[in-house]
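In what follows, a single structure is set out as structure tokens and then discussed.
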Number of protein chains: 2
Amino acid sequence: MWPGGRGAVTAPVPLAGHPPLQEDRTEMAVTLADVAARAGVSSATVSRVLNGNYPVAGGTRERVRRAVAELDYVVNGQARALAAATSDLVGVLVNDVADPFFGLIASAVQAEISAGAEPGGGKLAVVCNTGGSPEAELTYLTLLERQRAAGVVLTGSAVESAEHTAAVTARLTRLAASGTRIVLCGRPPLTLPDGGIAPATVAFDNRGGARRLTEHLLSLGHRRIGYVSGPVERSTTRHRLEGHRAALAVSDRPLGPDAEAYAERLTVHGTYDRASGYDAALELLRREPELTAIVAANDTVALGVCAALRDRGLSIPGDVSVAGFDDLPFSADVSPALTTVRIPLQEAGARAGKLVMGRLAPPPGGVATVGTELMVRGSTAPPAVRTA
Amino acid sequence: MWPGGRGAVTAPVPLAGHPPLQEDRTEMAVTLADVAARAGVSSATVSRVLNGNYPVAGGTRERVRRAVAELDYVVNGQARALAAATSDLVGVLVNDVADPFFGLIASAVQAEISAGAEPGGGKLAVVCNTGGSPEAELTYLTLLERQRAAGVVLTGSAVESAEHTAAVTARLTRLAASGTRIVLCGRPPLTLPDGGIAPATVAFDNRGGARRLTEHLLSLGHRRIGYVSGPVERSTTRHRLEGHRAALAVSDRPLGPDAEAYAERLTVHGTYDRASGYDAALELLRREPELTAIVAANDTVALGVCAALRDRGLSIPGDVSVAGFDDLPFSADVSPALTTVRIPLQEAGARAGKLVMGRLAPPPGGVATVGTELMVRGSTAPPAVRTA
DNA sequence: GATGCGGGAGTAAGCGCTTTCTCCCGCGGC
DNA sequence: GCCGCGGGAGAAAGCGCTTACTCCCGCATC
């Protein structure tokens with residue numbers, strides 16, 4: 001078949017696998033066999049006691065337990081995983097761990113998956129920071145496949161490019177086929193090709209929340225509303241913007257047929273961070289000095305907007321009302337407290353965690369949407385009566 | 001499940017390991033052997049091509065590469081780990097992922113460790129949320145030992161109880177002995193017993209930062225300064241409080257010998273969250289209505305303090321100055337912007353990441369302290385001249 | 001033309017578990 | 001009193017890789 005292959009091992013020289021690496025400075029770890037020897041049983045029995053899935057006589061069990069304790073034995077997860085074809089790892093992909101939005105979700109997911117049964121304290125969450133980069137997302141998916149992760153939770157907005165969607169779908173299909181449970185949290189449902197079951201999804205009602213938020217501003221009397229959007233090509237960005245526009249569309253804004261163009265003009269795209277909000281606010285003010293309200297894509301951006309307005313000498317909400325999205329913990333504490341849309345991130349994360357652990361049946365249709373709630377606080381008020 | 005009956009199979013039926021679980025719905029994953037067969041080489045050669053640590057002829061290598069691509073082969077990390085006695089996992093223990101303080105550190109650590117060499121994109125960070133619970137910390141340490149983690153980064157304040165310290169030390173000693181690299185970040189150095197090398201440490205200058213912060217208030221003219229501390233028995237809490245007291249000790253406060261008792265009275269312990277700050281501020285106001293400044297254990301707590309003061313109708317910094325610690329991103333954006341102490345969390349995390357990856361030599365003495373910087377902003381000002 | 005070398009490839013021995021067979025033993029039933 | 005049975009426990013076959021040894025072959029050396 002292949003060249004160079006001889007074979008013919010003539011002399012009975014015993015081959016040796018890994019013998020030379022014994023005398024490391026690192027004393028050899030205790031293995032199942034050591035425990036077995038100490039307890040005077042076979043390693044199979046020790047394994048059985050440890051996993052508790054096979055009847056072992058009380059006395060024997062006790063002896064094994066003692067040996068385990070005396071030797072401070074800790075099972076080798078990788079060997080176990082290999083032999084049993086299981087894994088203790090669950091991947092959690094987030095755009096940015098340092099962002100409380102993801103932190104809250106990750107924290108809830110993690111609490112859920114490590115709250116496992118006794119055997120050893122559940123699974124371990126591998127939090128992967130994609131930084132919003134599609135490539136990183138794919139890389140991590142591969143890394144998780146390599147680890148044969150028990151499950152994967154994808155959180156946050158999806159990049160809406162056909163190419164990337166296809167790539168992610170392919171990875172997820174493979175993962176699902178090999179038994180990894182997939183859950184999407186805060187990103188739109190996905191359809192897997194060739195009969196694959198679509199992953200369970202915990203979706204956020206971004207569109208509805210955004211609509212209600214803008215309706216709130218409209219009802220206060222605002223008509224010149226700026227919108228600081230997130231990065232284009234991301235599902236969350238699109239949904240929130242759509243909700244905003246939907247509210248505007250049914251309003252009685254005096255602009256009639258030009259309404260859409262006007263809304264377009266008062267929309268600035270940026271990233272989901274503070275600096276982006278700051279810059280965008282200035283830009284909006286330039287485009288429409290008569291602005292009476294600004295809606296931001298999220299709370300962090302809203303903070304940047306507030307900073308810019310303040311630097312411009314405008315008061316909130318006296319001169320301009322500001323609203324955010326997400327209701328992160330700090331939003332209630334800033335001054336003025338931010339009007340925003342609350343997403344039950346904790347609850348969503350917990351739900352995702354239960355789903356990925358198989359502790360919760362997937363919702364009918366595969367998609368569960370968590371509602372959003374408008375939180376009206378001090379940063380929004382009726383527009384001042386200007387000299388217009 | 002298990003046998004149950006005997007079965008006296010008399011004929012020489014060959015034993016079979018795992019044969020029955022072939023026909024799962026989950027098509028059998030591609031293995032090294034499959035790739036080898038397809039490329040017409042031995043599996044050893046495939047392994048060598050993949051790991052690039054052994055000379056393989058160009059043609060052969062190309063053939064293997066093609067086979068890998070065609071079969072969409074992804075190496076089984078667990079088998080590899082078992083065989084090579086290595087691991088792709090690095091544990092990162094944090095008190096609370098949802099807290100930006102830890103989020104920032106974790107994010108930096110992660111960026112550092114996954115920025116690995118080509119072989120496969122570096123290691124995977126396992127972010128473990130201890131919730132500040134000593135038990136959880138130990139549990140995670142065991143779980144990481146089980147996974148034979150390549151490294152572990154412990155972040156955040158340590159619980160200062162002899163018992164817990166001993167337990168952690170024991171776990172770390174074992175981990176270190178088995179080759180796991182240990183790094184402490186933001187927690188005080190530790191000494192391992194019996195000759196074990198102490199883990200590399202990236203410490204924060206909490207004491208110095210706190211001292212300079214209080215000195216700043218003193219220099220503004222404040223003399224009645226409340227302190228909202230963190231949970232007792234935590235190193236960070238203690239260090240910050242010590243810094244604060246140190247500054248007071250050398251000040252010319254008019255209270256003379258009673259100074260210490262006074263400082264004691266103006267210190268309230270709580271947790272590191274907003275609610276704690278809120279309650280503590282009210283309590284301080286009750287104890288000393290003449291208070292002109294409040295120093296909080298961290299920015300989050302400071303936010304709670306601000307909220308309480310506002311609810312009491314007090315202006316910041318007009319009536320009471322407020323200061324925090326950490327300089328989290330939002331601190332510059334709240335109104336008034338928070339005077340605080342900046343800790344270069346990003347830098348510290350990156351340093352810890354490099355250390356745990358062995359890409360940076362441990363600092364001499366094992367401990368590298370990152371400096372802190374006083375950030376004076378709008379929330380502190382000279383005390384108003386009250387009718388006193 | 002025989003010998004020495006070094007590059008390139010294969011063989012197979014484990015890594016430390018899990019799990020399937022096998023097997024031993026004491027006991028109640030016919 | 002012999003057979004059948006079920007509870008307990010052991011032997012051993014892998015899981016899918018890595019890697020220490022071997023070995024072959026072509027080429028430069030003497």
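Because the structure is a prediction, the values reported are computed rather than measured. Every chain is numbered from 1 and lettered A, B, ... according to where its sequence line falls, protein lines coming before strand lines.
Counting only heavy atoms from C-beta on, B/Thr60 has its side chain closest to C/dA9 among D/dT18, C/dA9, C/dT19. When each of D/dC17, C/dT11, D/dT19 is scored by its nearest atom to the side-chain atoms of B/Ser42, the top-ranked nucleotide is C/dT11. For B/Ala83, the side-chain atoms get nearest to C/dC15 when compared with the rest of C/dC15, D/dC15, D/dG10. In the set D/dA20, C/dA9, D/dA9, the nucleotide with an atom closest to the side chain of B/Arg48 is D/dA20. Proximity note for B/Ala84 (side chain, C-beta onward) versus D/dT18, D/dC15, D/dA11: the nearest is D/dT18. Comparing atom distances between the A/Ala44 side chain and each of C/dT19, C/dG16, D/dC17 picks out C/dT19 as nearest. The side chain of B/Thr45 sits closest to C/dA9 out of C/dC15, D/dT19, C/dA9.
Residue B/Leu32 contributes atom CG, which lies 14 Å from atom P of C/dT11 at whole-angstrom precision. The separation between B/Asp88 atom CG and D/dG16 atom C1' is 15 Å, rounded to whole Å. C/dT18 atom C1' lies 12 Å from atom CG of B/Leu82, rounded to whole Å. Following rounding to the nearest Å, A/Leu50 (CG) and C/dG16 (P) show an atom-to-atom distance of 16 Å. Here D/dC15 presents its C1' atom at 13 Å from CG of B/Asp34, a figure rounded to the nearest Å. Separating the CD atom of A/Gln147 from the P atom of D/dC17 is a distance of 12 Å, rounded to the nearest angstrom. Separating the CZ atom of B/Arg146 from the C1' atom of C/dC17 is a distance of 13 Å, rounded to the nearest angstrom.
A donor and an acceptor atom, one from each side chain of B/Tyr54 and B/Thr45, are nowhere located under 3.5 Å apart.
Scanning all heavy atoms of the two residues, the minimum distance from B/Val127 to A/Gln110 falls at O-NE2, 2.9 Å. Taking every heavy atom of both residues into account, A/Ala149 and A/Thr180 meet most closely at O-OG1, 2.8 Å. The two residues B/Val90 and B/Ala150 make their nearest non-hydrogen contact at CG2-CB, 4.5 Å.
OP1 or OP2 of C/dT19 has at least one side-chain nitrogen or oxygen of A/Asn53 nearer than 4.0 Å. Proximity of B/Ser47 to the phosphate of D/dC17: no side-chain N or O atom is located under 4.0 Å from OP1 or OP2. The phosphate of C/dC15 has neither OP1 nor OP2 within less than 4.0 Å of any side-chain N or O from A/Asn76. Contact annotation: A/Tyr73 reaches the phosphate of C/dC17 (side-chain N/O to OP1 or OP2, under 4.0 Å). Taking only side-chain nitrogens and oxygens, A/Thr31 never comes nearer than 4.0 Å to OP1 or OP2 of C/dG16. Contact annotation: A/Ser43 side-chain N/O to C/dC17 OP1/OP2 distance is not under 4.0 Å.
We find that B/Glu145 and B/Arg171 are not joined by a salt bridge, their nearest charged nitrogen and carboxylate oxygen being 4.0 Å or further apart.
Each of B/Gly58 and B/Arg148 was assigned the nucleotide of DNA chain C with the nearest heavy atom; the assignment lying further toward the 5' end belongs to B/Gly58. Of the two residues near DNA chain D, B/Val30 and B/Tyr54, the one whose nearest nucleotide lies more 5' is B/Val30.
A distance of 9.0 Å separates CZ in B/Arg359 from CD1 in B/Ile113, rounded to the nearest 0.5 Å.
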